[in-house]
Colleague: 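Dropping a structure here in structure tokens format, bear with me for questions.
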Amino acid sequence: MKCPRCKTVNDNTRTICTKCGFYLYRNDSDPRTRLSKEQIAEMDRRVIWNRIKTVLKWTWRVIVFIVMIYWIIVIFMWASDYLGVSLG
Ligand SMILES: [Zn+2]
């Protein structure tokens with residue numbers, strides 16, 4: 001169904017918009033598509049977990065980036081000290 005907030009078209013089993021996380025309330029007029037609360041909760045957990053994984057992935061990239069910058073600075077400072085001494 002279509003998200004009322006961001007207009008993203010989610011598949012009919014979604015209860016949370018995959019793009020903005022808006023809660024989608026379906027009108028369960030068709031009993032065949034009706035899902036149990038457990039199934040809906042399971043899908044919600046999956047969407048939330050995917051969001052957490054995305055956040056963790058980006059957090060990890062930022063940490064790696066900061067550590068790399070730190071080591072580049074350390075090596076650069078060590079190298080300039082070393083060269084400075086060796087050149088007299
Ligand atoms: Zn949305």
Side-chain angles (χ1 to χ4, degrees):
M1 72 179 278
K2 204 170 172 182
C3 173
R5 193 203 267 167
C6 69
K7 309 293 184 228
T8 300
V9 178
N10 295 273
D11 64 65
N12 284 331
T13 57
R14 286 272 178 267
T15 55
I16 293 181
C17 174
T18 51
K19 195 181 178 190
C20 71
F22 191 82
Y23 279 86
L24 307 170
Y25 298 102
R26 291 172 298 122
N27 51 337
D28 288 330
S29 53
D30 186 352
R32 286 172 302 176
T33 60
R34 191 173 293 168
L35 295 163
S36 69
K37 277 186 175 174
E38 288 77 20
Q39 285 174 303
I40 292 166
E42 172 62 29
M43 279 184 289
D44 287 0
R45 271 198 298 274
R46 220 173 289 162
V47 171
I48 291 163
W49 177 236
N50 282 339
R51 288 174 160 265
I52 291 168
K53 276 199 287 192
T54 306
V55 169
L56 286 176
K57 199 164 70 182
W58 278 102
T59 306
W60 174 245
R61 282 178 191 175
V62 168
I63 290 168
V64 168
F65 182 74
I66 289 167
V67 169
M68 275 173 61
I69 295 290
Y70 172 80
W71 278 108
I72 287 166
I73 290 167
V74 166
I75 290 165
F76 181 78
M77 285 174 74
W78 176 84
S80 65
D81 273 5
Y82 181 78
L83 292 173
V85 169
S86 69
L87 291 171

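Indexing begins at 1, ligand by ligand and atom by atom, following the structure's order.
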Colleague: With a 3.5 Å distance limit and no angle check, can you tell me whether Asn10 reaches the backbone of Thr18 through a side-chain donor-acceptor pair?
Modeller: yes

Colleague: So, with waters excluded, how many protein N/O/S atoms does the Zn ion (ligand 1) have closer than 2.8 Å?
Modeller: 4

Colleague: I want to check something: taking the side chain as every heavy atom from C-beta on, are Asp81 and Met77 in contact at a cut-off of under 4.5 Å?
Modeller: no

Colleague: Validate the cation-pi geometry between Arg46 and Trp49: distance from NZ or CZ to the six-membered ring centre under 6.0 Å, angle to the ring axis within 45°.
Modeller: no

Colleague: Is any side-chain heavy atom of Phe22 closer than 4.5 Å to one of Thr8?
Modeller: no

Colleague: Would you compute the distance between atom SG of Cys17 and atom NZ of Lys2 and round it to the nearest 0.5 angstrom?
Modeller: 12.0 Å

Colleague: So which atom in Arg51 and which in Cys20 form the shortest heavy-atom distance, rounded to 0.1 Å?
Modeller: NH2-C, 3.3 Å

